[in-house]
A.B. asks: 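First, the structure itself, so that you have it in front of you.
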Amino acid sequence: MMVNQFLLIAALLFSLGVYGLLVRRNVVMVLLAVELMLNAVNINLVAFEAALRSSMAVGQIFSLFVITVAAAEVGIGLAIVLLIFRNRQSANVDDFDLMKY
Amino acid sequence: MKSVFVLAAEEAPHGAVELASGGVLAQWAGLMLVLPFAAFLLIIWRGKHMKYKGAEFAIGAMAVNLVMATALFISNMVEGIFHEEHFEIAKIGLWEGKNLIFELGWVVDGLSIMMYFVVSFVGLLVFLYAVGYMHGDVRVTWFFASLCLFAGSMLVLVGSANLVQLIIGWEGVGVASYLLIGHYWEQKENSSAAIKAFLVNKVADVGLVLGAIYVGLSLGDFRFSTLERAAVEGDAVLAGVAAAAGLLLFFGAMGKSAQFPLHIWLPDAMAGPTPVSALMHAATMVTAGIYLMARTFPLYQNLAGDIEILGSLDVRGLMVIVGAITLFGMGLLALVADDIKKVLAYSTVSQLGYMMTAVAAGGYTAGLFHLFTHAFFKALLFLGAGSVIHAVHSNNMSDMGGLRKDMPTTFWTFSIGSLALAGIIPLAGFWSKDEILATLDYEGYQAVMWIAVAGAFVTAFYMTRAVALTFFGTYKGHGQPHESPSIMTTPLIALAVPSVIVGFFNVPGVKLGGLGNFTEWVGARSVPMGDHHAEAIDWRLAAFGLAAGLGGIIVGWLIFGRDAETQAARDKVEVPVLYPLLRQKYYMDHAALGVTGFIKGPTARAVNWINTYVIDGVVNGVGAVVKALGGLVYNGLDQRGVDGIFNGIAAGSDSAGRALSRLQTGRVQNYATGFVVGALVLVLIVVVAA
Amino acid sequence: MKYDIDYLAIAPELVLIVSLLGVLALDLVLPRRLKYFTGAVAVVGLTLAAIPLILLAVADGPISMFDGSYVVDDFALVLKGLFVVSGYIVLIMSVGYIESDRYYQGEYYFLILSSILGSVVMASARDLIILFIGLELTTAPLFMLAGWRKGDLRSNEASLKYFILGVLSTAIMLWGMSMLFGATGSIQFADIASAVADLQGSATMGPLITLGVIFVMVGFGFKVSAVPFHFWAPDTYEGAPIPVTAYLSVSSKAAGFVAMFVFVYLAVPSMVSVWGPAIWIMAALSMTVANLAALRQTNIVRLLAYSSISQAGFMLVPFAAAAVSGGTSLAAGLEATVVYLVIYSLMNLGAFAVVILGVKRVGSAVIDEWAGLGRLDPRLGVLASIFFFSLAGIPPLAGWYAKFKMFTSAIQSGGTWAYVLAGIAAVNTVIAFAYYAKVAKAVWFDEAPEDTRIEVEAPAGSLVLVLSLAAIVTVVMGVLPNIPDFFGEATRTLLAITGS
Amino acid sequence: MNWFENGGALSLIIFLPLAAALGLMLIPKEKEELIKQLALAVSVVTFALSLVVAFGFDLGAADKYQFDTSLAWISAIGANYHIGVDGISLPLLVLSTFIMVLAIIYSWDHWEEPRNPRGFLVLMLILGAGMNGTFVALDLVLFFIFFEVVLLPMYFMIGIWGDKSMRKIPGFTREVPTRLYASIKFFLFTLFGSAFMLLGFLAIYFRAGEVADRTFDIPTLAALGASGAFSPAVWSIGGLVFGALFLGFAVKVPMWPFHTWLPDAHTAAPTVGSVLLAAILLKLGSYGFIRIALPILPDSARDWAPAIAILAVIGIIYGSLACLAQSDMKRLIAFSSVGHMGFVMLGIATLTDVGINAAIIGMVAHGLITGLLFFLAGSMSHRYHTREMGRLGGNQTLMPKMGAILSFTAMASLGLPGLAGFWGEFMALLGAFNPLTGLSSGLFRTVMVIGAIGTVLTAGYLLWMLQKVNLGEPGEEWVGHEFHDVDRFEMAAWVPLMILIVVIGVYPKIVLGASNDAVVSLVQTAFDSGATAARGVLGG
Amino acid sequence: MVFSDWISAPVNWVYLAVGAAVIVAAFRVVTSQNVVHAALFLVATLAGSAGLFLLLGAEFVAWVLVLVYIGAVIVLFLFGIMITRAPVVRDVGLDNKKARPLAALVALLLFGTLSWTSITAFGDLAVQDVGVPTSTAVLGEALLGRFVLPFEIVGFILLAALVGGITLARRDLTPLEEEERGAV
């Protein structure tokens with residue numbers, strides 16, 4: 001097994017995440033896309049760790065932090081979704097352009 | 001603490017001439033330069049509360065000046081005086097390692113003493129006269145203050161020991177003339193005339209200023225004595241710039257001395273009160289140019305004069321030509337003027353042409369002598385004209401006529417002045433004009449000499465016309481004219497005397513006892529002038545001049561003395577002396593009319609037309625064009641172009657800002673797109689750059 | 001392996017933790033009318049946190065922990081101090097502001113303190129993980145605080161936009177970090193630095209490291225709101241509660257800069273040819289784009305948002321200039337940026353405080369409606385002038401020295417690109433004045449409409465006091481620039497460690 | 001009195017007005033008299049101090065900095081609080097403090113809307129501090145600070161007390177209030193220039209570090225400059241750096257084509273603002289050339305001199321022509337400044353002692369004369385409520401004193417010999433006749449001739465202005481109006497100016513006596529050989 | 001390494017299987033027009049990722065992923081979807097169709113860049129000790145030793161998210177309700 005195998009998957013996930021982020025109208029869907037991107041990073045980190053085998057498994061540690069932070073972000077994101085949904089009765093991001101220029 | 005004024009070190013004048021120092025009088029001559037200004041301040045301060053509205057101060061100052069000037073004049077007669085005083089007013093940098101300085105000061109030598117005398121003498125009389133003339137007029141106080149400024153500036157000019165101070169006096173004269181010409185500024189014509197005078201002079205001043213710069217920076221010094229010495233010694237550097245400097249200075253002189261084509265301001269300048277005209281035409285202002293030429297005479301005589309500038313035309317030749325055109329062409333114009341002051345004004349221009357021609361041709365003494373004599377009789381004529389105007393309340397000769405009975409003093413003095421101007425022996429004008437003819441003859445300008453003779457004819461002709469129309473025939477104006485008060489007639493008489501006698505100051509070969517003659521008096525300079533002096537009068541030339549003068553009078557008399565419309569005028573024709581001629585009046589009249597008709601008609605009209613539409617037109621046109629150019633520059637270039645660029649930049653940034661803030665769509669996904677694309681582009685740029 | 005912990009070194013963090021937990025606990029027990037007390041606790045906590053900072057500053061030498069991944073040196077202390085002080089000012093600004101509306105005070109202070117804690121931690125971070133965590137802790141509470149005016153749609157929108165772009169930037173930054181980790185096998189800056197120095201020439205690794213560095217820089221670029229990663233800023237600033245906006249534009253931005261400093265100077269100093277041009281572009285774009293856009297703004301908060309973007313551009317200039325000209329003057333660049341940051345923080349907070357008072361007074365954030373404020377309330381007018389003209393860089397207000405340092409550093413770097421950037425900065429200084437002057441114009445030059453005299457209660461004494469103090473310091477710093485310089489020079493220790 | 005001579009006096013001159021400004025802010029607005037008295041007292045004391053400095057100044061060592069001190073200021077960059085006066089700055093310093101006194105006297109009874117004397121005086125005093133500071137600063141950074149400090153007060157003066165009318169600006173869709181447009185334009189232009197000027201300073205600073213120690217110290221840098229350290233021959237960007245400084249100073253002067261802020265600012269500014277702007281602020285730019293650009297970058301200056309001379313002479317002609325097109329009296333006077341400062345710059349461009357002396361006396365004279373003209377324009381528009389020359393006329397009849405003073409000042413402005421304005425023009429032409437060795441004398445002589453012709457145009461527009469405003473019959477609309485002729489405050493402010501105009505006109509040594517040695521030394525140090533006019537270079 | 005060698009290793013078969021699943025699922029996450037499906041595809045993606053982690057010897061991380069994401073986060077997502085009452089049926093309006101081409105282009109470019117850099121950089125770099133899981137003890141020791149500080153700090157992130165999230169998400173009481181509560 002080569003690291004690149006995993007990196008390719010990660011790159012694909014990351015790019016798909018970006019795609020999703022750019023096209024999805026629903027905020028929750030956008031959040032899903034973000035999760036894809038963060039997960040791609042995790043795959044990177046773990047794959048590198050598998051190749052490096054550092055003494056403290058730094059890559060895995062890093063990925064644990066990323067997972068935790070991602071979870072927190074989801075929490076925050078959903079809270080924001082709830083907040084705006086209550087005010088606007090919509091979770092579509094392109095409904096939100098009160099402020100521009 | 002050092003004294004504010006640091007007296008420049010005395011330097012012995014150069015040259016072979018042994019001259020006296022002039023003693024205390026010369027050391028204090030500067031007082032004459034200052035007194036009129038003191039009077040000016042006093043008039044401004046207290047004038048309104050004085051009985052004669054401040055004229056007292058002006059007259060007082062002028063009287064003191066005249067005393068001093070007379071004393072100097074006499075001492076200069078006894079022994080030639082040369083004395084300079086210099087007060088440094090600034091060091092302005094280095095020139096060849098030594099300080100380049102500006103100075104004020106005065107020079108007391110033959111030339112300046114003559115000018116002091118003329119200015120003070122004529123000035124005093126004009127001031128006195130003005131008390132009467134201006135009585136009850138508007139702004140009398142201000143008028144006398146300005147007169148003081150005028151006379152004072154002229155004294156500063158003629159007393160100056162260096163070019164810089166000369167410029168100060170020079171433009172001071174200009175400003176004073178502006179103030180005086182525009183005395184009745186409620187009418188736009190008057191203020192326009194004042195502006196015209198100032199601006200035309202200012203144009204010429206460019207020449208003076210640049211000429212001063214050429215001279216000053218060639219010598220590292222602005223003093224006349226340095227210039228004179230360098231010119232006589234043939235200083236190489238000065239020689240290098242001599243033509244340029246000479247022409248520039250001459251250009252300056254042309255403005256003040258109203259040489260063709262810069263004479264145009266002068267007739268308009270008649271807008272001022274008559275005493276101003278008298279002062280301006282006799283003693284101050286117009287003589288300044290001649291004075292400048294005389295002051296820098298060694299430059300022309302030794303260096304500049306013979307430098308060829310256009311083909312074989314040399315500097316001197318150019319100057320003579322300008323003078324000749326002025327003397328003849330402008331004289332003709334006097335023939336067609338109805339305004340008596342305009343007649344006199346053109347006459348002045350013409351006489352200035354004589355002076356300029358003489359000085360240019362190399363006749364230092366001749367030019368100055370004519371200046372000297374002319375000052376008296378021209379002042380006399382103007383004051384006389386003023387007296388008439390005062391009486392009839394009009395400037396136009398068509399409103400006058402037959403005044404000789406009502407105003408006898410004026411008539412007689414005016415006649416004396418006219419005869420002197422016409423060059424009738426033995427009045428002053430005869431001698432000085434003769435000297436000019438002699439000089440032109442000697443220096444080889446025969447053609448010009450004949451023009452000068454012709455000019456003499458014209459001069460006599462128009463003066464006769466003026467006298468005839470004013471004092472003979474019948475009165476055509478309104479009211480009953482009276483002789484002017486004695487404060488006005490006294491100056492007339494006082495001027496008539498020298499108009500008669502001063503010609504004898506310089507009869508060739510004649511010396512006034514131990515006092516020498518005019519030639520020696522004005523020859524008292526730091527260096528010899530090197531002009532030619534005839535040892536005896538050349539009666540051949542004198543006869544030509546006299547004949548021309550008499551001819552002019554006779555022809556003039558025949559025409560104007562026998563004014564067909566006025567019985568009185570026809571009566572006058574039968575003056576016994578002229579009677580034989582008048583017997584054949586038919587031929588004579590026709591012949592004279594033919595000749596003069598041509599001169600007065602097409603020629604004069606042509607000249608007048610050229611003057612009005614070409615020269616004046618050019619000047620007015622230049623003014624209009626310049627103003628239009630101003631509009632173009634301001635509206636077209638400044639507001640649209642230069643400012644437009646900056647406003648354009650501002651407007652551009654504004655709309656760029658608008659365009660850029662359009663990027664801020666408010667859609668978060670557009671932002672994210674920008675975000676990712678930005679990141680990718682950054683990578684791309686950096687990778688490509690690396 | 002045992003890791004010694006120097007408790008004095010992390011005392012500021014600990015004090016912050018205690019006080020934020022205290023705030024949370026108090027919030028539970030206090031009755032509604034006494035909730036404001038949590039604010040007092042937060043203020044006191046921050047004040048207390050300053051004490052160990054001073055002690056540490058006086059104490060000798062840098063303290064290094066966890067294999068050198070957490071370092072307390074003068075650089076860290078200066079920036080921690082900056083975070084604490086600016087946080088302090090934000091708290092005081094908040095006190096009056098959030099009391100006047102339906103805010104959750106306890107939670108609010110808790111989140112602010114959390115964010116400050118994140119910044120404070122990050123200033124000492126010397127490995128990727130702590131850097132990442134610190135940044136996240138700085139940012140995450142702000143996602144929510146931006147939406148703190150829950151009933152206001154603009155505030156919601158601010159929060160949403162900030163959040164979405166925030167997580168996007170986090171993801172991109174993490175990708176970059178993971179690549180750097182993969183390439184160098186370490187998360188320690190020092191190790192990364194040496195590994196990168198070996199690898200950067202390699203044809204295979206080069207692009208990857210470049211990508212990694214740029215992606216990480218993108219994350220920082222987002223934090224400092226540099227163009228083209230700035231899009232969130234105007235909208236979020238406008239919508240968020242004003243004290244939060246102030247915090248965003250100062251502390252959060254400063255945090256981004258700190259992250260950028262430690263990352264580029266300590267982790268990838270040898271990649272100067274990569275991050276140099278990147279920063280150069282960000283600097284040039286930020287200044288120009290934001291300034292031009294700011295010219296069009298009519299809302300004062302939005303104007304300040306664009307202003308803060310352009311200021312970020314100015315702050316990047318020394319950096320960029322030092323980097324593109326070969327990196328010989330990096331120390332000077334750092335110092336200049338820190339000096340700029342210190343001065344900017346002060347004056348920008350002052351400007352926001354003025355905006356808070358002004359909005360209260362006038363009832364609007366639309367610049368035109370501030371007409372005649374100077375005559376209505378000269379004191380506020382003078383303060384507004386001081387801060388806005390200081391932002392514009394007009395001597396003798398402190399802002400001039402910030403700009404001066406920036407130019408100094410840029411010119412010192414030398415080289416065409418540095419000069420060009422300095423030129424762009426110079427032009428932008430002029431453009432910037434045009435919109436700062438807009439505020440002064442409204443305040444002083446325009447006539448007040450007849451009926452705008454709104455009677456408001458006197459602003460909180462503490463805010464006025466702090467504001468006046470900030471104004472005085474702004475002037476004093478401008479007259480005696482040795483003061484900000486002192487902080488700037490202290491931060492040179494950052495480079496002393498790596499010996500560059 | 002040791003402290004006094006070691007910087008104390010100059011520091012007082014700078015900071016006394018500043019302290020007074022702060023003090024005034026503490027006095028309640030209502031105590032107007034007290035505020036005015038205090039402001040006047042302080043300005044008089046400042047002026048007195050500058051006179052003490054002037055009389056204590058050792059003219060024998062005018063090329064040395066006196067009353068100087070140097071204190072450490074910004075240690076990180078080695079910028080010092082280095083102040084001192086030499087013969088070049090002394091006249092300008094005295095001029096500055098002097099005009100300030102007159103401006104305050106004049107203000108006493110002349111407040112533009114919205115009044116607020118306290119605010120106005122505070123700004124004036126700050127302005128004074130900035131101006132005085134600029135003239136004594138001997139450190140580039142210090143110079144820069146003071147150079148900029150003057151901007152804000154002037155900006156506020158124009159913006160708050162300025163012309164309230166609306167104006168259509170080409171390129172913009174809406175009409176904008178004149179004062180707003182003018183104030184921001186003034187500020188942006190100056191800021192634009194000074195931003196680049198600062199870049200130039202910094203480049204010099206670091207370049208100094210390459211050959212010696214990094215320093216902002218002007219005398220030290222001048223010495224380095226004289227030794228050729230900043231010559232483009234050894235420092236590739238030397239010319240560019242001069243260009244940067246040029247931009248900064250030229251905008252302030254202002255030289256064509258950077259002048260367009262000036263007519264707007266002058267027209268819009270309140271009277272006293274215009275006066276200070278014309279009398280002092282413009283001088284900061286030309287002073288900068290003399291104090292900084294020439295001595296530090298002599299070789300680049302040599303390269304740039306022809307361009308400066310050409311721009312200067314364009315300014316002379318262009319300014320005069322633009323004046324001819326004006327219908328607004330104040331705007332006309334403003335444009336006249338473009339022309340007059342053109343002569344100042346022409347003098348500087350010659351790089352000779354004569355030319356620089358010309359610039360200095362030209363600056364002083366322009367300060368006095370144009371200052372007075374703006375006073376007059378202000379007082380007249382105060383009475384007529386219009387500045388349209390087409391509507392004025394017969395002022396000499398309505399207000400004889402005012403008219404007389406206006407005539408006098410116009411005469412002075414057109415460079416009448418014997419009044420102050422003449423020397424600057426004449427000497428500038430003198431300098432241009434014989435520019436520094438190595439400069440094209442053909443070009444400079446052409447410029448000299450064109451400049452001399454410019455004096456005619458100058459006379460033209462001033463005389464036409466007088467004709468329109470002063471002479472003729474009063475217009476219909478003024479008949480029956482009661483006009484107050486010059487009041488005592490105006491007299492008190494104007495008479496000293498008139499006296500000085502005459503005194504300097506007759507005895508320019510008052511200015512040149514102080515400056516000449518300093519200028520000669522400056523030119524010799526900076527341009528070494530060929531510094532003085534020599535006979536050899538002359539020729540037809 | 002030659003492809004035949006590569007494909008002959010069984011572990012790569014597993015990789016291919018899991019990897020394909022992950023990719024397909026990820027595709028569906030961003031393309032599915034049904035919100036619930038999208039969320040469920042994310043579950044599949046994450047589960048597949050966990051599988052990949054196992055392949056890479058990161059057992060602990062794999063199970064954390066399963067626990068945290070599949071156990072908690074996805075539930076959160078589903079809650080979010082429910083609460084925002086997104087239609088459970090196919091929703092044509094889920095995508096901003098106009099944005100698709102640009103988004104696809106950007107994603108493609110990004111993928112190209114990312115994969116290109118990775119492939120050139122790491123070439124044949126192989127995973128070491130395939131099948132040998134990292135000991136959880138090592139992780140634990142590192143987390144509570146060398147990484148104790150970020151470990152603690154990340155706790156505050158969670159706390160902040162919790163506190164802030166609750167505050168934001170909760171419905172504000174009306175003044176009347178508040179009064180009632182105050183009385184209690």
A.B. asks: Give, as side chain, backbone, both or neither, the part of D:Thr397 having an atom under 4.5 angstrom from any heavy atom of chain B.
C.D. replies: both

A.B. asks: Determine the sole option in D:Thr352, D:Ile361, D:Leu512 for which the side-chain contact (heavy atoms from CB on, under 4.5 Å) test with B:Ile92 is passed.
C.D. replies: D:Leu512

A.B. asks: Which heavy atom in B:Leu100 sits nearest to a heavy atom in D:Val354, and how many Å separate them?
C.D. replies: CD2-CG2, 4.0 Å

A.B. asks: For the atom pair NZ (D:Lys509) and CD1 (B:Ile89), what is the distance rounded to the nearest 0.5 Å?
C.D. replies: 10.0 Å

A.B. asks: Is any side-chain heavy atom of B:Leu199 closer than 4.5 Å to a side-chain heavy atom of D:Trp464?
C.D. replies: yes

A.B. asks: D:Phe426 versus chain B, heavy atoms under 4.5 Å apart: side chain, backbone, both or neither?
C.D. replies: both

A.B. asks: Go through the atoms of B:Val164 and report whether side chain, backbone, both or neither lie under 4.5 Å from a heavy atom of chain D.
C.D. replies: side chain

A.B. asks: Could you tell me which non-hydrogen atom of B:Glu88 sits nearest to which non-hydrogen atom of D:Tyr507, and how far apart they are?
C.D. replies: O-CE1, 3.7 Å

A.B. asks: Heavy-atom cut-off 4.5 Å, strictly under: side chain, backbone, both or neither for B:Tyr178 against chain D?
C.D. replies: side chain

A.B. asks: Less than 4.5 Å to any heavy atom of chain D: does that hold for the side chain of B:Asn99, its backbone, both, or neither?
C.D. replies: side chain

A.B. asks: Which heavy atom in B:Lys202 sits nearest to a heavy atom in D:Thr455, and how many Å separate them?
C.D. replies: CE-O, 3.7 Å

A.B. asks: Heavy-atom distances under 4.5 Å only: say whether D:Trp261 touches chain B with side chain, backbone, both or neither.
C.D. replies: neither

A.B. asks: Quick check for you: among D:Pro257, D:Gly460, D:Gly472, D:Gly513, which has the greatest number of heavy-atom pairs under 4.5 Å with chain B?
C.D. replies: D:Gly472

A.B. asks: Counting only heavy atoms closer than 4.5 Å, note whether B:Val175 contacts chain D via side chain, backbone, both or neither.
C.D. replies: side chain

A.B. asks: Compare every heavy atom of D:Gln467 with every heavy atom of B:Ile195, then report the nearest pair and how far apart it is.
C.D. replies: CD1-OE1, 3.3 Å

A.B. asks: What part of D:Gln396 gets closer than 4.5 Å to chain B, counting heavy atoms only: side chain, backbone, both or neither?
C.D. replies: both

A.B. asks: Looking only at heavy atoms and a cut-off of under 4.5 Å, which of B:Ala239, B:Gly182, B:Ala242, B:Ser192 has the most pairs with chain D?
C.D. replies: B:Ser192

A.B. asks: For each of D:Asn357, D:Ile453, D:Leu188, D:Ile356, tally heavy-atom pairs with chain B at distances under 4.5 Å, and name the one with the top tally.
C.D. replies: D:Asn357

A.B. asks: Yes or no on side-chain contact (heavy atoms from CB on, under 4.5 Å) for B:Lys188 and D:Leu471, after CA distance, side-chain angles and deciding distance?
C.D. replies: CA-CA 8 Å; B:Lys188 191 160 184 237; D:Leu471 308 182; over 6 Å; no

A.B. asks: Would you mind telling me which of D:Ser407, D:Ser515, D:Pro508 has the largest number of heavy-atom pairs within less than 4.5 Å of chain B?
C.D. replies: D:Pro508

A.B. asks: Applying side-chain contact (heavy atoms from CB on, under 4.5 Å) to B:Tyr214 and D:Arg445, what does each step give before you reach the verdict?
C.D. replies: CA-CA 10 Å; B:Tyr214 268 78; D:Arg445 284 187 197 176; 4.2 Å; yes

A.B. asks: Return the minimal non-hydrogen interatomic distance between D:Val449 and B:Leu210, and the atom names on each side.
C.D. replies: CG2-CD1, 4.0 Å

A.B. asks: So which part of D:Tyr461 gets closer than 4.5 Å to some heavy atom of chain B, the side chain, the backbone, both or neither?
C.D. replies: neither

A.B. asks: Which heavy atom of D:Asn516 sits nearest to which heavy atom of B:Gly93, and what is that distance?
C.D. replies: OD1-N, 3.0 Å

A.B. asks: Quick one: which of B:Val156, B:Val206, B:Leu104 has the most heavy-atom pairs under 4.5 Å with chain D, could you say?
C.D. replies: B:Val206

A.B. asks: Need one label for D:Leu414: side chain, backbone, both or neither, based on atoms under 4.5 Å from any heavy atom in chain B.
C.D. replies: both

A.B. asks: Is chain D contacted by the side chain of B:Phe222, its backbone, both, or neither, given a heavy-atom distance below 4.5 Å?
C.D. replies: side chain

A.B. asks: Can you find a heavy atom in the side chain of B:Val209 that is under 4.5 Å from one in the side chain of D:Glu425?
C.D. replies: no

A.B. asks: How many angstroms lie between atom CD1 of B:Ile213 and atom CG of D:Leu430, to the nearest 0.5 angstrom?
C.D. replies: 5.0 Å

